[in-house]
Amino acid sequence: MVRLSLVNLYLHGFTHPRVEEYDTLTQDDKWNEVADVILANPPFMSPKGGIKPHKRFTVQASRSEVLFVDYMAEHLTTTGRAAIVVPEGIIFQSGTAYKALRKMLVDTSLVAVVSLPAGVFNPYSGVKTSILILDKRVHKQTDKVLFVKVQNDGFNLGAQRRAVVDSHLPEATRLLRSWMTAPDKFEGDGVMAQAVERSRIGASGDFNLSGERYITTAFAHTQYEVVRIADVCDVNPRKSELDALPPATRVSFVPMKDLAEDSSDFTPQEERALDEVRQGAYTAFRDGDVLVAKVTPCFENGKAGVARKLLNGVGFGSSEYYVLRPSERLLPELLYHFITSQNFRAIATPAMTGTGGLQRVPKSVVEEFQIPLPPLEVQHQIVAEIEGYQKIIDGARQVLDNYKPHIVVSPDWPVVQVGDVATIRSGGTPDRSNDAYWGGTIPWIKTGQIDFGVIQSAEEFITPAGMENSAARMFPAGTILMAMYGQGVTRGRVAILGIDATTNQACAAIEVTSASTDRDFLYWSLAGKYQELRAISESRGGNQSNLNSQLIRDVKIPLPNLETQRTIVTEIEEEQVLVAANRELIRRMEAKVKCAIDRVWSAS
């Protein structure tokens, strides 16, 4: 490790690097040495059996991350500065040592916290990290701490860390330099960067360093009173209020999947005994409460609803809900539209904390979010208007959900196998580790894009070298694609290529070879066999549950004469026009719902 450190320093311009091997945490021989500048990404794994540190640390702890940060903060000169990469636990863990460390930092030297996206250290670690910036000189010039949130560091967050556009680092660097140069003149944007008073950070006693906790959403409204959610709602009411109910009371149970997406309606399907769920890690709610998912991806998908028709008026559900119980001043239905609006998402999404796929909206962001509060009479009018639009949306969605193209089969039609009238081939994936194969101009299609429609563009592109050195091959526009692999509902879906494109190995490319077969008739025949194809694949079980080229070749379809095929296709295409009209109706009604909410938000 020492040799690696020496080489690293030399390559970074230190012609005479000096590295001393020394146990900082258990030995105090060098305790009196101080530094002007400390740059560190220290190891934060505590060894098995823990650490037995010496007694000179200000913060008494046994965790390496706490002790390392304590050591660096205490060993700066009176004008010293430091930048330390820390795991997310340092930022918000509630343990006594963590809180004591944060208090010491805020009181003595902390001037900025830079939140980094989870995955910046991939492929070595996906741990969410932040950078603590300490500066004794700047600390004396201001009573605030700057919080900066970087969501894009110029690379994607996968194992390969490929370059992407719109990096936040240049703007984050500019903001930090502006802050460090003249904190008294600094102007943040309130989203990527904002300065927060140290007194506010310490007000709750935990000295939480999650910048999202302190995002302000203040706005003025010339017509209605403006209130915080916490002023008119009880957020996550205590389960103890149900203690008076008999243990055997039957109550509704609402798992996350039962919440609708972008609709306030949901119907409780399950019931449990109160004593079965009261002691578990569940959220409790009552009729009239508003539920909203706080965790990815459910929050982004709009999982929320107003609790109605609960058994005995009581429900339990996922601990990943926030339960908002509005006061008599606010209608639950209007609160639902506020908390699922783009206005809230614009604040909540950047504020989410946690790692990768388990990021959550902090409770404080919900409580501090400000909303206009019209008189109850006006609220009733707004809700009635929206409910009228919603009924139209629900009716149109019923059409979309229930319509399936159907071919009425005559018993005298001959039956053929797909392999008799078409060729089935698949593509391939160029080596992901070879940058020369990716980022070209050749469209490369994946199964996720196959969804009963026409594919007009690709999400990824490969180079000629990538195609030549892999099983990827070009298929012409008009080729039918079928997803052979895929989680959830993907496997078995079909689509038509609207462009010349290559595909990965999970896509079956079906090209008609028979003059007696209409391409669109074959497409709709395969689309109508979606459930059958899924049943075929799932019956294989285990790791063999995917489709393959031979299974697709063996699929049987009735095949009337060419004229009949084209007549059937024409009828289906006419039905598709009506289906598209319902989609457009939904879009228009959703726009009207948005306008109704926007009128409430408008300050004019």
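- For the pair D289 and R286, the salt-bridge criterion is not met [side-chain N within less than 4.0 Å of a carboxylate O].
- The closest donor-acceptor contact from the side chain of R102 to the backbone of D206 lies under 3.5 Å.
- Smallest separation of non-hydrogen atoms from V111 and W179: O-NE1, 3.0 Å.
- Counting all heavy atoms, side chain and backbone alike, A97 lies closest to V59 at O-CG1, 3.6 Å.
- With T129 contributing its side chain and V86 its backbone, the two residues share no donor-acceptor pair below 3.5 Å.
- Taking all atoms of both residues into account, the shortest heavy-atom contact from D243 to R278 is CA-NH1, 3.5 Å.
- Between R198 and D143 there is no salt bridge, since no side-chain N of the basic residue sits under 4.0 Å from a carboxylate O of the acidic one.
- A 4.5 Å side-chain heavy-atom check between V145 and I201 finds at least one atom pair inside the cut-off.
- Other residues, nucleotides and ligands contribute only 12 or fewer heavy atoms inside 6.0 Å of the CZ atom of R81.
- Around the NZ atom of K136, the shell of radius 6.0 Å holds more than 12 heavy atoms that belong to other residues, nucleotides or ligands.
- Heavy atoms only, all atoms of each residue included: C233 and P326 are closest at SG-CA, 3.7 Å.
- The minimum heavy-atom distance between Y224 and P374, with the atom names listed, is CD2-CA, 3.7 Å.
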(message) Go through it in stages, so that I can follow the logic: the residues are K303 and E320, the test is salt bridge (charged side-chain N to carboxylate O under 4.0 Å, His left out), and I'd like the CA-CA distance, side-chain angles, deciding distance and then a yes or no.
(response) CA-CA 11 Å; K303 287 275 191 178; E320 298 293 359; over 6 Å; no
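- Checking side-chain atoms of Q194 against main-chain N and O of G211 turns up a donor-acceptor pair under 3.5 Å.
- In this view, K239 satisfies the side-chain hydrogen bond (donor to acceptor under 3.5 Å, both in side chains) rule with no residue, not counting sequence neighbours.
- A salt bridge links E385 and R599; the closest N-O separation between the charged side-chain nitrogens and carboxylate oxygens is under 4.0 Å.
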(request) Take R345 and F299, measure what side-chain contact (heavy atoms from CB on, under 4.5 Å) needs, and give me the verdict at the end. (result) CA-CA 9 Å; R345 291 188 187 187; F299 172 74; 4.1 Å; yes
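- Relative to the six-membered ring of Y322, K294 meets both conditions, a distance below 6.0 Å and an angle of at most 45° to the axis.
- K30 has a carboxylate O that lies under 4.0 Å from a charged side-chain N of E20, or vice versa, which qualifies the two as a salt bridge.
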(request) Evaluate the criterion side-chain contact (heavy atoms from CB on, under 4.5 Å) for residue pair L146 and V148; output intermediate values, then yes/no. (result) CA-CA 6 Å; L146 180 69; V148 179; 3.7 Å; yes
(request) Under the side-chain contact (heavy atoms from CB on, under 4.5 Å) rule, what do K144 and V196 come out as? Steps first, then yes or no, please. (result) CA-CA 5 Å; K144 297 179 180 179; V196 178; 6.0 Å; no
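- With hydrogens and angles left out, the side-chain atoms of Y389 and E590 include no donor and acceptor closer than 3.5 Å.
- Aromatic pair F316/F285: ring centres not closer than 6.0 Å.
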(message) Using side-chain contact (heavy atoms from CB on, under 4.5 Å), reason through Y98 and F207 one step at a time and then give a plain yes or no.
(response) CA-CA 9 Å; Y98 290 97; F207 288 84; over 6 Å; no
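- Every ring-ring contact (aromatic ring centres under 6.0 Å, His included) that H54 has, sequence neighbours left out, goes to W31, F57.
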